[in-house]
Amino acid sequence: MFRTARFVPATFAVAALLSAAACGSQSDSPAATATPSTAPAASTVQVRAAIPATAAHFTVTTSDATADHTFPADFYAGAFGCTAANHAPHLRWSGAPAAAKSFAVTMFDPDAPTGAGFWHWMNWDIPSTATDFTAGAAGVAGTNDAGAPGYLGPCPPAGDKPHNYQITVLALDTPTMGLPATSTPTVASFSMNSHIIGAAQLTLTAVRD
């Protein structure tokens with residue numbers, strides 16, 4: 001559930017600001033001609049992670065994936081140009097913090113061509129006794145970024161690069177988030193952030209020719 005933002009230096013804006021400074025009332029003074037600080041080159045900046053650095057790490061696995069960690073055909077979406085069965089992977093986890101009072105499961109595609117990624121799966125209020133999960137299990141099936149509840153399988157644009165779908169199990173310090181299922185993924189994720197005491201993550205890929 002990590003996002004990456006790319007920033008391109010605003011060359012023309014910087015030039016305009018420097019030009020305006022040069023036209024100031026003290027532009028002829030040596031003291032007013034200080035060398036501006038060097039701006040960083042265009043780079044990839046890591047946006048704040050959705051999982052706190054203090055969170056404990058545990059393990060999540062699924063047998064519903066190929067040997068090279070890609071989605072089988074039946075797990076693709078039945079929407080957005082795909083006509084698959086939209087099966088949700090069955091997740092199993094172990095080593096979660098004993099203090100966990102509930103769990104949440106999410107699936108996020110940081111490679112979606114949206115500028116902000118795409119939430120495919122958002123579930124919370126999964127009982128603390130759970131050690132596995134799939135669509136339809138106990139808990140709240142939240143709304144995905146397509147505006148529908150529950151799981152939405154992968155369906156990257158045809159011909160696009162492989163997309164990496166981050167499936168995350170969160171151990172939370174509260175038995176319920178008290179959120180309606182209609183909460184947006186961003187609101188749900190933000191609300192859960194302060195309750196995360198542990199996290200497990202696996203990545204599966206999908207690509208369409």
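The main-chain N or O of Asn164 is found under 3.5 Å from a side-chain atom of Asp111 such that the two form a donor-acceptor pair. Checking side-chain atoms of Ser183 against main-chain N and O of Pro180 turns up a donor-acceptor pair under 3.5 Å. For Asp64 (side chain) and Pro89 (main-chain N/O), no donor-acceptor pair under 3.5 Å exists by modelled atom type. A distance-only check finds a donor-acceptor pair linking the side chain of Asn144 to the backbone of Gly150 [under 3.5 Å]. Checking side-chain atoms of Thr174 against main-chain N and O of Met177 turns up no donor-acceptor pair under 3.5 Å. Remark: side-chain polar atoms of His120 are paired, donor with acceptor, to backbone N or O of Gly153 under 3.5 angstrom. Judged purely by atom type and a 3.5 angstrom limit, Tyr151 uses its side chain to pair as donor or acceptor with the backbone of Phe75.
In this structure, Met192 and Leu172 have side chains that are in contact, with non-hydrogen atoms separated by less than 4.5 Å. Between Ser102 and Pro127 there is no side-chain heavy-atom pair separated by less than 4.5 Å. Residues Leu202 and Thr62 form a side-chain contact, since some pair of their non-hydrogen atoms from C-beta on lies under 4.5 Å apart. Using a 4.5 Å heavy-atom threshold, the side chains of Ile167 and Phe108 count as separate.
Interatomic distance, CG of Leu152 versus CZ of Phe80, reported as 6.0 Å (0.5 Å rounding). Note that OG1 of Thr129 is 14.5 Å distant from NZ of Lys101, once rounded to the nearest 0.5 Å. If you take NE2 on His87 and CG on Asp74, they are separated by 4.5 Å, rounding to the nearest 0.5 Å. Rounding to the nearest 0.5 Å places OG1 of Thr186 at 6.5 Å from CG of Asp145.
A tilted orientation is assigned to the rings of Phe133 and Trp121, their planes being inclined by 30° to 60°.
Summarising the geometry of Arg208 relative to Ala158, their closest heavy-atom pair is NH2-N, 3.5 Å, with the distance given to 0.1 Å. Taking all atoms of both residues into account, the shortest heavy-atom contact from Ser128 to Ala100 is CB-O, 3.4 Å. The minimum heavy-atom distance between Ala84 and Ala73, with the atom names listed, is CB-O, 3.3 Å. When all heavy atoms of Ala141 and Ala181 are compared, the pair lying nearest together is O-CB, 3.6 Å. The shortest non-hydrogen separation linking Cys155 to Gly81 is SG-C, 4.1 Å. The minimum heavy-atom distance linking Ala112 with Phe118 is given by the pair CB-CB, 3.6 Å.
Aromatic rings from Phe71 and Tyr165 are positioned such that their centres are separated by under 6.0 Å. Ring centers of Phe103 and Trp124: at least 6.0 Å apart, outside the cut-off.
For Thr203 and Gln166, the side-chain atoms include no donor-acceptor pair closer than 3.5 Å.
Applying the side chain to side chain contact (heavy atoms under 4.5 Å, CB included) test to Pro149 and every residue at least two apart in sequence or in another chain returns nothing. In this structure, Asp109 has no salt bridge (charged side-chain N to carboxylate O under 4.0 Å, His left out) partners at least two apart in sequence or on a different chain. Residues that satisfy the side chain to side chain contact (heavy atoms under 4.5 Å, CB included) test with Thr70, not counting sequence neighbours, are Thr66, Asp68, Thr205.
Atom NE2 of His57 has 12 or fewer neighbouring heavy atoms from other residues, nucleotides or ligands inside a 6.0 Å radius.
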Would Asp132 and His90 count as a side-chain hydrogen bond (donor to acceptor under 3.5 Å, both in side chains) if you check the C-alpha gap in whole Å, the side-chain angles of each, and the deciding distance to 0.1 Å? CA-CA 7 Å; Asp132 69 329; His90 187 181; 2.8 Å; yes

Check the pair Phe58 / Val169 against side chain to side chain contact (heavy atoms under 4.5 Å, CB included), numbers first and verdict last. CA-CA 9 Å; Phe58 58 103; Val169 179; 3.9 Å; yes

Mind running side chain to side chain contact (heavy atoms under 4.5 Å, CB included) on Thr54 and Ile197 for me, showing each step along the way? CA-CA 7 Å; Thr54 55; Ile197 60 173; over 6 Å; no

Could you walk me through whether Asp160 and Val207 satisfy the side chain to side chain contact (heavy atoms under 4.5 Å, CB included) test, starting with their C-alpha distance in whole Å, then the side-chain angles of each, then the deciding distance to 0.1 Å, before giving a yes or no? CA-CA 7 Å; Asp160 203 3; Val207 65; over 6 Å; no

Kindly indicate, with the supporting measurements, whether the criterion side chain to side chain contact (heavy atoms under 4.5 Å, CB included) is fulfilled by Val105 and Leu91. CA-CA 9 Å; Val105 167; Leu91 307 176; 3.6 Å; yes

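Met122 and Leu179 end up in the same hydrophobic cluster when Ile, Leu, Val, Met, Phe, Trp and Tyr side chains are linked at under 4.5 Å. Under the 4.5 Å side-chain heavy-atom criterion for ILVMFWY residues, no single connected hydrophobic cluster contains both Leu204 and Leu170. Residues Ile126 and Val140 do not share a hydrophobic cluster, clusters being chains of Ile/Leu/Val/Met/Phe/Trp/Tyr side chains in contact below 4.5 Å.
The side chain to side chain contact (heavy atoms under 4.5 Å, CB included) test with Val187 singles out one residue from Ser189, Ser191, Pro185, and that residue is Ser191.
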